[in-house]
2 protein chains.
Amino acid sequence: MEQQHKRSYCVDAAWTGRADCSHCTIRHLMLFSDLPDSAFDHHLSPIDNFIFPAGSALFTEGQDDGAVFSIRRGLVKLLSLTPDGDQRIVRLLGAGATIGLEILEADTSYRHTAVTLNQVNACRIPASTMNSLRAEYPRLCQHTLKMLQNHLDRADQWIVTLGTGPARKRVARLLLLMLQNSTEPAGGIELLGRGDMAAIIGASVETASRIVADMKRRHLLEKVSGSLYRCDAAGLQAITDEE
Amino acid sequence: MEQQHKRSYCVDAAWTGRADCSHCTIRHLMLFSDLPDSAFDHHLSPIDNFIFPAGSALFTEGQDDGAVFSIRRGLVKLLSLTPDGDQRIVRLLGAGATIGLEILEADTSYRHTAVTLNQVNACRIPASTMNSLRAEYPRLCQHTLKMLQNHLDRADQWIVTLGTGPARKRVARLLLLMLQNSTEPAGGIELLGRGDMAAIIGASVETASRIVADMKRRHLLEKVSGSLYRCDAAGLQAITDEE
DNA sequence: CGGTAAATTGACTGCTCTCAATTTACGTGG
DNA sequence: CCACGTAAATTGAGAGCAGTCAATTTACCG
């Protein structure tokens, strides 16, 4: 477990304009999928759309921006500090996920630091807007429950599949997991940095690197371009099933 | 990681009678703390109170009893299966916790197997009762959100404090965690079985046993009676802070 | 093309796992 | 209350896995 230097993440997000939820192309999987178009007509606090470059922080642990973020495109990691001062990634979230829901409870702050892994398009929804909408549309509360439950399921799966067994199996399971959620065609995924992999499976950077390098040599991973790799799902599955 | 044989847990729970929520002595921390007394006057489906002996299953992964359980006394472990077929404990829950909330979402089954670690007193609340109460009292939905968020916080903490670092530190953190939640006086805790500890920290039974035995020799743990031990919080803290 | 950060590799140490053997604890029946 | 049987806990020995420290190599950005 290496001691990661706490770097300050840049926050030079580009404001893309006021969000137009009623015409959102992916509203079916978003936070407001249940609400009628009329719900978006008048708010006190506006919903804004941003594009964050890779490596920027949407929010920081302990802070309270008073807003949740709904991810439209890209990948976000949630970081927690270990007792030793290292950072551990406790979740990876992509399009359709809503993060920072914890601040809907009064007098709380963000539980994690949320950092983008690539270019991310996300809407910032003030907590006050959520609260007023919830008063008007009880179904929103139901939907929020569903999303929290989804986070919980992911957290439990994280413990069981990425926190158990030898490092090689954990990496293989991580790659298979990313393959499932990948938007790339034909078994392609954006390979994470070794430091991020290490912070996910709870191992050192060197261990993560050795395992990935070995998988490349065995042609379980083949470089396509940049960080895009095509991977052998059957071969990876064989690793998780070993013994 | 040892291959645990799937034993069938006994389910010989004793029915203690119809629950009387309006006179519940610990209602302030229970599921229905927000509701007025009048809410409990008439339900289609009854709320029952049970006493489960140690080692019995409240519910099983994949099953759907259509009820949540509110724990009044005792300790419950939530088990998940790893890809290797072993079992991993993903949460420990005591008085005031409500488990099985996932079945409130339509057409789902329990995500874990819930097994009692000692004698447990719990109320069984049918999902239908929850749903009708929620329609009547919007605050219940709020409160359910709060409880789910609490589960999520515990899961994240689990990953970070019990899934990271060398085994000795994990055990020390586990003991400190149990000490916090302990109802025993003066640093006393009910020590878990080595198998359970191993399933929590993700190590073999032998490793857990060696660490605990060593802690006893170093007088960080002193037997009081049965599985009740008094532990040296400062000494344990020193272990988590090592290096 | 240089400069920096990331990835890889090597060497070595220490931790954890597995397999096996005891030892201890506990509930049951005599 | 004691003997017995079973399950849990402990301990030992050896192999393999993972961590650390340090050196290179590679990738990427002006």
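To find a chain, count down the sequence lines: A is the first, B the second, and so on, and within it residues start at 1. Because only heavy atoms are used, hydrogens play no part in the values below, and waters and symmetry mates are left out as well, while side chains stay in.
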- Query: dT9(C) phosphate, OP1 or OP2: any side-chain N/O from R210(A) under 4.0 angstrom?
  - Reply: no
- So do L58(B) and F50(B) actually touch side chain to side chain, heavy atoms under 4.5 Å? no
- Message: Does a side-chain N or O of S209(A) approach OP1 or OP2 of dA7(C) to a distance below 4.0 Å, or not?
- Response: no
- Item | Short side-chain N/O contact from R194(B) to OP1 or OP2 of dA7(D), under 4.0 Å | no
- Can you check the E242(A) CD to dC17(C) C1' distance for me, whole Å? 16 Å
- When you match P166(A) and G226(A) each to their closest nucleotide on DNA chain D, which lands nearer the 5' end? P166(A)
- Would Q237(B) and T240(B) count as a side chain to side chain donor-acceptor pair (under 3.5 Å) if you check the C-alpha gap in whole Å, the side-chain angles of each, and the deciding distance to 0.1 Å? CA-CA 5 Å; Q237(B) 188 61 52; T240(B) 78; 3.1 Å; yes
- Query: How many Å lie between CG on L117(B) and P on dA8(D), as a whole number?
  - Reply: 14 Å
- Task: Specify the residue among K223(A) and A208(A) whose closest nucleotide of DNA chain D lies further upstream toward the 5′ end.
- Result: A208(A)
- Item | Spacing between D196(B) atom CG and dA7(D) atom P, to the nearest angstrom | 17 Å
- Can we say R91(A) and D156(B) salt-bridge, meaning some charged N sits less than 4.0 Å from an Asp/Glu carboxylate O? yes
- Any side-chain N or O of T207(B) less than 4.0 Å from the OP1 or OP2 oxygen of dC17(C)? yes
- Whole Å only: how far is the NZ atom of K169(A) from the P atom of dA18(D)? 11 Å
- Query: Rounded to whole angstrom units, what separation is found between the CG atom of L191(A) and the C1' atom of dT26(D)?
  - Reply: 15 Å
- Query: M197(A) has an atom CE; how far is it from atom P of dG19(D), in whole Å?
  - Reply: 15 Å
- When you measure from the side chain of K216(B), which nucleotide among dA7(C), dT9(C), dA9(D) comes out closest? dA9(D)
- Query: Which part of the nucleic acid does R217(B) contact within heavy-atom distance under 4.0 Å: base, sugar-phosphate only, or nothing?
  - Reply: sugar-phosphate
- Have T164(A) and R88(B) got a donor and an acceptor in their side chains that come within less than 3.5 Å? yes
- Message: For a quick test of reading the model: is some side-chain N or O of S204(A) closer than 4.0 Å to OP1 or OP2 of dA18(D)?
- Response: no
- Query: Given atom CD1 of I211(B) and atom P of dC15(C), what is their separation to the nearest angstrom?
  - Reply: 11 Å
- Message: Starting the side chain at C-beta, find the nucleotide from dT9(C), dA20(C), dT16(C) nearest to A167(B).
- Response: dT16(C)
- Query: Within this structure, what is the CZ-to-P distance between R170(B) and dT16(C), rounded to whole angstrom?
  - Reply: 8 Å
- Task: Could you verify whether a donor N or O on one side chain and an acceptor N or O on the other, from Q149(A) and D153(A), lie under 3.5 Å apart?
- Result: yes
- Note on the structure: Looking only at dT11(D), dT9(C), dT16(C), the nucleotide nearest the E206(B) side chain is dT11(D)
